[in-house]
Visitor: 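Encoded as structure tokens, here's the structure I'll be asking about.
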Protein chains: 2
Amino acid sequence: MTNAPHASIAVLVVDDHPLLRDGLAAMLASQPDMRLVGEATDGEQAVKLFASLRPDVVLMDLQLPRMDGVEAITRIRAQDPRARIIVLTTYTGDVRAVRALHAGAAAYLLKDMLRRELIDTIRAVYAGRRLPVPGVIAESIAAHVVDDALSPREIDVLRHAGAGLSNKLIGGRMGISEQTVKAHMKSIMAKLGARDRTHAVTTALSRGILALETLPLADPGTRARD
Amino acid sequence: MTNAPHASIAVLVVDDHPLLRDGLAAMLASQPDMRLVGEATDGEQAVKLFASLRPDVVLMDLQLPRMDGVEAITRIRAQDPRARIIVLTTYTGDVRAVRALHAGAAAYLLKDMLRRELIDTIRAVYAGRRLPVPGVIAESIAAHVVDDALSPREIDVLRHAGAGLSNKLIGGRMGISEQTVKAHMKSIMAKLGARDRTHAVTTALSRGILALETLPLADPGTRARD
DNA sequence: GGCCGCCTACCCCGAAAGAGGTGTTAGCGC
DNA sequence: GCGCTAACACCTCTTTCGGGGTAGGCGGCC
């Protein structure tokens with residue numbers, strides 16, 4: 001099917017930062033056996049472009065507007081289970097990386113990584129290998145993932161807490177009682193080793209369980225300002 | 001390489017992400033009147049490289065390891081008050097941008113900006129203009145900066161709150177009474193328009209008033225478990 | 001001298017949070 | 001089927017938060 005003209009690897013880049021895309025484009029241009037076939041700026045676009053372009057390898061950021069990277073990976077893999085996706089993230093202890101790998105990503109790289117490693121990884125992934133993770137990252141994942149693993153429900157509760165909602169309001173918004181929200185909060189704090197809800201949120205942020213952008217922040221209806 | 005001997009703008013790029021540096025490098029390479037003369041990955045290196053390379057324009061990220069971008073700007077301007085520095089940030093409502101401008105930065109740009117704007121800004125700044133800010137940003141700054149401006153003491157309190165300390169503990173650690181801490185928290189929440197301490201912390205984080213790295217996180221004495 | 005903002009500190013008090021429990025359901029191992 | 005665990009749900013209890021005030025000392029600014 002995607003029999004490339006002369007064995008060149010067709011790469012789709014998904015990232016919301018134009019400059020970073022340029023960086024990746026420049027890197028790909030310097031490699032004779034790679035070519036950039038498309039760029040997407042959010043998850044939805046990534047899914048669509050994958051369908052039309054059928055690239056050999058996808059480089060995807062996890063932090064995306066409109067549709068989360070993990071979600072995009074899931075959908076792309078649903079389209080084509082052989083899709084080869086390399087995940088790029090900024091933070092070291094990012095738990096989403098693990099979710100991305102579960103969702104079918106072939107490898108996981110940090111953005112502040114050397115070009116060589118990225119290039120090597122692209123070739124390795126194209127060759128069919130999975131997870132040629134350069135050690136350091138594997139460890140950093142392992143070190144963090146052991147004990148967090150918040151349930152989806154807990155993450156939801158915590159996201160709302162980060163937005164400054166009270167347990168009662170969270171319960172109202174999620175359709176459960178205030179007491180239940182409290183129970184979730186207890187479990188969250190125990191898992192994260194946090195002292196209170198505020199600490200739980202900052203801990204989750206620093207571990208990549210939550211992202212500032214995904215918080216229901218700046219919701220106009222409840223602006224305190226008044 | 002640097003084969004543009006005359007009338008070319010010498011640019012120093014300061015960012016901790018190699019890929020983003022590559023993106024900037026590619027962008028500069030596409031402009032005949034610009035050349036990349038050096039790259040720094042942290043604030044200290046930026047100050048040193050500025051001293052030795054004397055670039056015409058510096059492109060600097062605010063989020064840097066080892067030395068903060070604002071600090072680096074201050075030191076560079078101390079070396080040479082004519083230094084032309086363009087600040088790059090990720091977030092829209094970043095208060096550090098204002099501090100950077102106060103510290104002597106000539107302009108302020110968002111990373112997810114079009115290349116054209118960046119190139120235009122570089123030329124404008126090189127020509128001696130200051131703050132050719134593309135409207136949107138100026139507004140986003142103005143909209144946010146009016147009312148935050150937390151006092152140093154308040155920022156301290158908020159940092160401890162982000163670490164999960166109770167008002168009593170914060171007071172103990174800062175050498176003031178719990179009542180005073182509460183007074184500060186009240187003022188903080190009023191200024192930030194936050195609903196509770198958790199919201200205050202996330203709001204401050206998203207505006208760049210606080211940084212996750214600077215939180216007294218992971219302090220061993222009071223660790224819950226793990 | 002006034003005015004204002006910062007830092008400090010205190011009062012009251014209702015409404016949350018967080019620390020104890022209990023129970024239900026679903027899934028997994030055997 | 002029988003334990004076991006984990007997610008989810010609900011109920012008390014005490015502590016803490018956060019909103020409403022008030023107020024003195026201190027510094028800058030008009």
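Small disclaimer: the values here were computed from a predicted structure and weren't measured. Quick note on labels: first sequence line is chain A, next is B, and so on, each numbered from 1.
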Visitor: Atom pairs, N/O to N/O, protein against nucleotides 18-20 of chain D, distance under 3.5 Å?
Guide:
residue	atom	partner	partner atom	Å
D:dG18	OP1	B:Arg197	N	3.0
D:dG18	OP2	B:Arg197	NE	3.0
D:dG18	N7	B:Lys182	NZ	3.4
D:dG18	O6	B:Lys182	NZ	2.6
D:dG20	N7	B:Lys186	NZ	3.4
D:dG20	O6	B:Lys186	NZ	2.6

Visitor: Mind checking the CG-NZ spacing from B:Leu53 to B:Lys48? Nearest 0.5 Å is all I need.
Guide: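 Atom-to-atom, B:Leu53:CG and B:Lys48:NZ are 13.0 Å apart.
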Visitor: Using atom CD1 of A:Ile170 as one end and atom P of D:dC8 as the other, report the distance to the nearest whole Å.
Guide: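 Between P of D:dC8 and CD1 of A:Ile170: 14 Å.
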Visitor: Which is more 5' along DNA chain D, the nucleotide nearest A:Gln179 or the one nearest A:Ser187? Just name the residue.
Guide: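 Comparing both residues, the 5'-ward one is A:Ser187.
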Visitor: C:dA17 C1' sits how many Å from A:Ile188 CD1, rounded?
Guide: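 Interatomic distance, CD1 of A:Ile188 to C1' of C:dA17: 13 Å.
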Visitor: Could you list the residues that satisfy side-chain contact (heavy atoms from CB on, under 4.5 Å) with B:Gln45, not counting sequence neighbours?
Guide: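 Applying side-chain contact (heavy atoms from CB on, under 4.5 Å) to B:Gln45 gives B:Ala40, B:Thr41, B:Asp42, B:Leu49.
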Visitor: What is the nucleic acid contact for B:Ser166, judged by heavy atoms within less than 4.0 Å: base, sugar-phosphate only, or nothing?
Guide: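 Touches sugar-phosphate only.
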Visitor: Check side-chain contact (heavy atoms from CB on, under 4.5 Å) between B:Ala211 and all other residues, then give those that pass, not counting sequence neighbours.
Guide: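 For B:Ala211 the side-chain contact (heavy atoms from CB on, under 4.5 Å) partners, ignoring immediate neighbours, are B:Glu213, B:Thr214.
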Visitor: Sequence neighbours excluded, which residues qualify as salt bridge (Lys or Arg N to Asp or Glu O under 4.0 Å) partners of A:Asp196?
Guide: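 So A:Asp196 forms no salt bridge (Lys or Arg N to Asp or Glu O under 4.0 Å) with any residue.
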Visitor: Are OP1 or OP2 of D:dA7 and a side-chain N or O of A:His184 less than 4.0 angstrom apart?
Guide: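 So the side-chain polar atoms of A:His184 never come under 4.0 Å of the phosphate oxygens OP1 or OP2 of D:dA7.
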Visitor: Keeping A:Arg84 on the side-chain end and A:Ala105 on the backbone end, is there a donor-acceptor pair under 3.5 Å?
Guide: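 Such a contact is absent between A:Arg84 side chain and A:Ala105 backbone.
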Visitor: Starting at atom NZ of B:Lys168, determine the distance to atom C1' of D:dT14, rounded to an integer number of angstrom.
Guide: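 The distance from NZ of B:Lys168 to C1' of D:dT14 comes to 12 Å, rounded to the nearest Å.
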Visitor: Which nucleotide in the set D:dA9, C:dC7, C:dA9 lies at the smallest distance from any side-chain heavy atom of A:Ile176?
Guide: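 The listed nucleotide nearest to A:Ile176's side chain is D:dA9.
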Visitor: Rounded off to whole Å, could you give me the CG-to-C1' distance for the A:Leu169 and C:dA16 pair?
Guide: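 Spelled out: CG on A:Leu169 to C1' on C:dA16 is 11 Å.
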Visitor: Can you list the residues that meet the side chain to side chain donor-acceptor pair (under 3.5 Å) rule with B:Glu44, with sequence neighbours excluded?
Guide: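 Scan of B:Glu44 (side chain to side chain donor-acceptor pair (under 3.5 Å), adjacent residues dropped) gives B:Arg66.
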Visitor: As a quick check of understanding, evaluate side-chain hydrogen bond (donor to acceptor under 3.5 Å, both in side chains) for A:Ser177 and A:Thr180, giving each step before the final call.
Guide: CA-CA 5 Å; A:Ser177 91; A:Thr180 307; 3.2 Å; yes
Visitor: With axes from five pairs an end, tell me the bend angle of the helix from C:dC7-D:dG24 to C:dC30-D:dG1, nearest 10°.
Guide: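 Rounded to the nearest 10 degrees, the bend comes out at 60°.
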Visitor: Could you check how far CD of A:Glu178 sits from C1' of C:dA19, rounded to whole Å?
Guide: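 Nearest whole value for this atom pair: 15 Å.
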Visitor: Using the side chain to side chain donor-acceptor pair (under 3.5 Å) criterion, which residues pair with A:Asn167? Sequence neighbours excluded.
Guide: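 A:Asn167 satisfies side chain to side chain donor-acceptor pair (under 3.5 Å) with A:Arg197 once adjacent residues are dropped.
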Visitor: Here's a test of your reading of the structure: between B:Arg153 and A:Ala183, which maps to the more 5' nucleotide of DNA chain C?
Guide: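 Closer to the 5' end of DNA chain C: B:Arg153.
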Visitor: Does a side-chain N or O from A:Ser177 land closer than 4.0 Å to OP1 or OP2 of D:dC10, or not?
Guide: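 It does, given that an N or O in the side chain of A:Ser177 lies less than 4.0 Å from OP1 or OP2 of D:dC10.
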Visitor: Holding to side-chain contact (heavy atoms from CB on, under 4.5 Å), I want the full list of residues that pass it with B:Lys168, two or more places apart in sequence or in another chain.
Guide: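 By the side-chain contact (heavy atoms from CB on, under 4.5 Å) rule, B:Lys168 matches B:Ser166, B:Glu178.
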Visitor: Ignoring backbone atoms, test whether A:Thr180 places a side-chain nitrogen or oxygen under 4.0 Å from the OP1 or OP2 oxygen of D:dA9.
Guide: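 Result: no.
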Visitor: Run the side-chain donor-acceptor check on residues 10-20 of chain A: report pairs under 3.5 Å with partners two or more places apart or on a different chain.
Guide:
residue	atom	partner	partner atom	Å
A:Asp15	OD1	A:His17	N	2.9
A:Asp15	OD2	A:Lys111	NZ	3.3

Visitor: Report each atom pair, protein N/O against N/O of nucleotides 28-30 of chain D, whose distance is under 3.5 angstrom.
Guide:
none

Visitor: Return the value, rounded to whole Å, for the distance between atom CD of B:Glu154 and atom C1' of C:dT8.
Guide: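 Atom-to-atom, B:Glu154 to C:dT8, this comes out as 12 Å.
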Visitor: Looking at residues at least two apart in the chain, or sitting in another chain, which of them share a side chain to side chain donor-acceptor pair (under 3.5 Å) with B:Asp80?
Guide: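 Counting only residues at least two positions away or on another chain, B:Asp80 forms a side chain to side chain donor-acceptor pair (under 3.5 Å) with B:Arg54, B:Arg82.
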Visitor: What pairs with A:Arg153 under side chain to side chain donor-acceptor pair (under 3.5 Å), at least two apart in sequence or on another chain?
Guide: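 So A:Arg153 forms no side chain to side chain donor-acceptor pair (under 3.5 Å) with any residue.
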